[in-house]
**Student:** 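Please find one structure pasted underneath; my questions will follow.
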Amino acid sequence: MDGVSAGVRARARIVARPDGRGGTALPFLDGDGPLAPRRTRGAGGEAHVLIVGAMSGPLGGDHFTVGAEVLAGASLRVGSAAATLALPGQGKGGARYDVRLSVADDAELRWLPEQLICARGSDLTVTTEVDVGATGRLVLREEQVLGRVGEESGRLASRIRVRVAGRVVLDQELECGPGAPGGWDGPAGLGGHRAAGQLVVVQPEFAASPLAPRVLGESAAVLPLAGPAVLVSAVAPDALRLRATLDEALALLGPAPPVI
């Protein structure tokens, strides 16, 4: 890739479909290199998968791609075994982490990874592309933490795009850390906070009964999108308080299944 030095290329892919007995089967569950998806004990008809990091990274020059496809009638929850730590590599190139998600009509996906931590000296570009059917359901959480404790942040460029029934309902970018455009840490940006997060919830019920915008505490907001979807944006001093804010928001949005 342009501007990216040689590094590890790794992919993981998950496909979920109904098993014919009221549950969800995983006919395709595969990963290579540092990406190791593993099925864990599910609940009800929902299949659970954890993505286990078999190596540290992404490092500078690495390119990771994770994809999940949920077919009609299936229900899938995906998490990660630990936070993702972006680190500088031996070369000067940046790293990429691409997420590609597809949720069919009458399917459900809860995408709930742990935090992404941008260590000092790292340079990471994250892109998340999501396609949801008209009657599909989605809960997607993203959390970014700028640096480890007592450490300066690395550079992070993040973009998330969500389409429902082929229509774009969200296209949002965040860039922060060294080299980011001026003002990213000012009052119109992160306001001095070290953690930022987004929660996207897509539910068919929102089309008939859209939620009203509201403020949560001092640093989070619920924003209805142009479709059956809601965005929660939040900043916080640290990862723990960011997670608490997003969990509070998800509990308010119901009737999506609770995060456990």
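Treat the numbers as computed from the prediction; the structure is a model and nothing was measured.
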**Student:** Do side-chain atoms of Asp62 reach the backbone of Gly7 as a donor and acceptor pair under 3.5 angstrom?
**Tutor:**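 No, the answer is negative, given that no donor and acceptor are paired below the 3.5 Å cut-off.
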**Student:** What distance do Arg77 atom CZ and Arg110 atom CZ have between them, rounded to the nearest 0.5 Å?
**Tutor:** 5.0 Å
**Student:** Checking Arg243 against Glu114 for the side-chain contact (heavy atoms from CB on, under 4.5 Å) test, could you report, in this order, the C-alpha distance in whole Å, the side-chain angles of both residues, the deciding distance, and whether it holds?
**Tutor:** CA-CA 9 Å; Arg243 175 66 59 84; Glu114 295 302 309; 3.2 Å; yes
**Student:** Charged N to carboxylate O under 4.0 angstrom, Arg100 versus Glu69?
**Tutor:** no
**Student:** Can any side-chain N or O of Arg141 pair as donor or acceptor with the backbone N or O of Leu112 at less than 3.5 Å?
**Tutor:** yes
**Student:** Calculate, to the nearest 0.5 Å, the distance between atoms CG and OG1 belonging to Leu199 and Thr245 respectively.
**Tutor:**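 It comes to 11.0 Å.
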**Student:** Where do Pro18 and Ala72 come nearest, in terms of heavy atoms and distance?
**Tutor:** CG-O, 3.1 Å
**Student:** In plain terms, say whether Arg159 and Asp171 are close enough for a salt bridge, that is, a side-chain N and a carboxylate O under 4.0 Å apart.
**Tutor:** yes
**Student:** Could you tell me if the side chain of Pro113 sits less than 4.5 Å from the side chain of Thr84, heavy atoms only?
**Tutor:**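 A side-chain contact under 4.5 Å is absent here.
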**Student:** Determine the minimum heavy-atom distance between Ala86 and Ser122, stating which atoms define it.
**Tutor:**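 For Ala86 and Ser122, the tightest heavy-atom pair comes out as O-CB, 3.4 Å.
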**Student:** Any idea which heavy atoms bring Leu59 and Pro88 closest together, and the distance?
**Tutor:** CD2-O, 4.2 Å
**Student:** In the structure I gave you, are the side-chain heavy atoms of Leu140 and Ile160 within less than 4.5 Å of one another anywhere?
**Tutor:** yes
**Student:** Mind checking the CZ-CG spacing from Arg241 to Leu246? Nearest 0.5 Å is all I need.
**Tutor:**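 With rounding to 0.5 Å, CZ (Arg241) is 14.0 Å from CG (Leu246).
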**Student:** Nearest heavy-atom pair of Ala195 and Ala239: which atoms, and what distance?
**Tutor:** CB-N, 4.1 Å
**Student:** Within the 4.5 Å heavy-atom criterion, are Glu205 and Pro228 side-chain neighbours or not?
**Tutor:**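 No. Closest side-chain heavy atoms not under 4.5 Å.
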**Student:** Determine whether Val162 and Leu225 satisfy the following criterion, side-chain contact (heavy atoms from CB on, under 4.5 Å), listing intermediate values before the conclusion.
**Tutor:** CA-CA 10 Å; Val162 179; Leu225 301 175; over 6 Å; no
**Student:** Please walk me through it: do Thr127 and Arg161 pass side-chain contact (heavy atoms from CB on, under 4.5 Å)?
**Tutor:** CA-CA 8 Å; Thr127 61; Arg161 183 188 292 118; over 6 Å; no
**Student:** Where is the tightest heavy-atom contact between Tyr97 and Val66, given as atom of each residue plus distance?
**Tutor:** OH-CG2, 3.6 Å
**Student:** Nearest 0.5 Å, what's the CG-CG distance between Leu26 and Leu76?
**Tutor:**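 Going from the CG atom of Leu26 to the CG atom of Leu76 covers 6.5 Å.
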**Student:** Which value, rounded to the nearest 0.5 Å, describes the distance between Gln115 atom CD and Ser80 atom OG?
**Tutor:**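 Output value for this atom pair is 8.0 Å.
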**Student:** Under 4.5 Å between any side-chain heavy atoms of Leu156 and Leu116, yes or no?
**Tutor:**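 They are in side-chain contact.
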**Student:** With the side chain counted from C-beta on, respond yes when Val222 and Leu252 share a heavy-atom pair under 4.5 Å apart, and no when they do not.
**Tutor:** no
**Student:** Under 3.5 Å, which donor-acceptor pairs do the side chains of residues 32-42 form with other protein atoms, sequence neighbours left out?
**Tutor:**
| residue | atom | partner | partner atom | Å |
| --- | --- | --- | --- | --- |
| Asp32 | OD1 | Arg11 | N | 2.7 |
| Arg39 | NH2 | Thr24 | O | 2.9 |

**Student:** Backbone N or O of Val235 within a donor-acceptor pair of the Ser219 side chain at under 3.5 Å?
**Tutor:**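 Such a contact is found between Ser219 side chain and Val235 backbone.
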**Student:** So do Val169 and Leu231 actually touch side chain to side chain, heavy atoms under 4.5 Å?
**Tutor:** no
**Student:** State whether the number of non-hydrogen atoms from other residues, nucleotides or ligands found under 6.0 Å of Arg120 atom CZ is greater than 12.
**Tutor:** no
**Student:** Hydrophobic cluster membership, with links at side-chain heavy-atom distances under 4.5 Å among I/L/V/M/F/W/Y: are Trp111 and Leu29 in one?
**Tutor:** yes
**Student:** Between Ser233 and Ala221, is there a donor-acceptor pair closer than 3.5 Å when you use the side chain of the first and the backbone of the second?
**Tutor:**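 The answer is no, because no donor-acceptor pair under 3.5 Å joins these two groups.
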**Student:** If we only count heavy atoms from C-beta on, is the Ser158 to Leu124 side-chain gap below 4.5 Å?
**Tutor:**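 The answer is no, as the side chains (C-beta and beyond) never meet within the 4.5 Å cut-off.
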**Student:** Looking at every heavy atom in both His48 and Ala43, which two are closest together, and how far apart are they?
**Tutor:** NE2-N, 4.0 Å
**Student:** Would Gln144 and Leu242 satisfy side-chain contact (heavy atoms from CB on, under 4.5 Å), going step by step from the backbone distance to the final call?
**Tutor:** CA-CA 9 Å; Gln144 299 93 20; Leu242 178 65; over 6 Å; no
**Student:** Is any side-chain N of the basic residue among Arg155 and Asp123 closer than 4.0 Å to the acidic one's carboxylate O?
**Tutor:** yes
**Student:** So do the side chains of Ile117 and Arg148 get within less than 4.5 Å of each other, counting heavy atoms only?
**Tutor:** yes
**Student:** With no hydrogens and no angle check, do the side chains of Asp131 and Ser102 hold a donor and an acceptor under 3.5 Å apart?
**Tutor:** no
**Student:** To which residues is Phe28 joined in a hydrophobic cluster, defined by side-chain heavy-atom contacts under 4.5 Å among Ile, Leu, Val, Met, Phe, Trp and Tyr, whether direct or through other members?
**Tutor:**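 Listed partners: Val15, Leu71.
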**Student:** Examine Val139 and Leu50 and state if one hydrophobic cluster contains both, with Ile, Leu, Val, Met, Phe, Trp and Tyr joined whenever side-chain heavy atoms are less than 4.5 Å apart.
**Tutor:** no
**Student:** Output the distance between atom CZ (Arg137) and atom CG (Asp106), rounded to the nearest 0.5 Å.
**Tutor:**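 Arg137 CZ to Asp106 CG: 9.0 Å, rounded to 0.5 Å.
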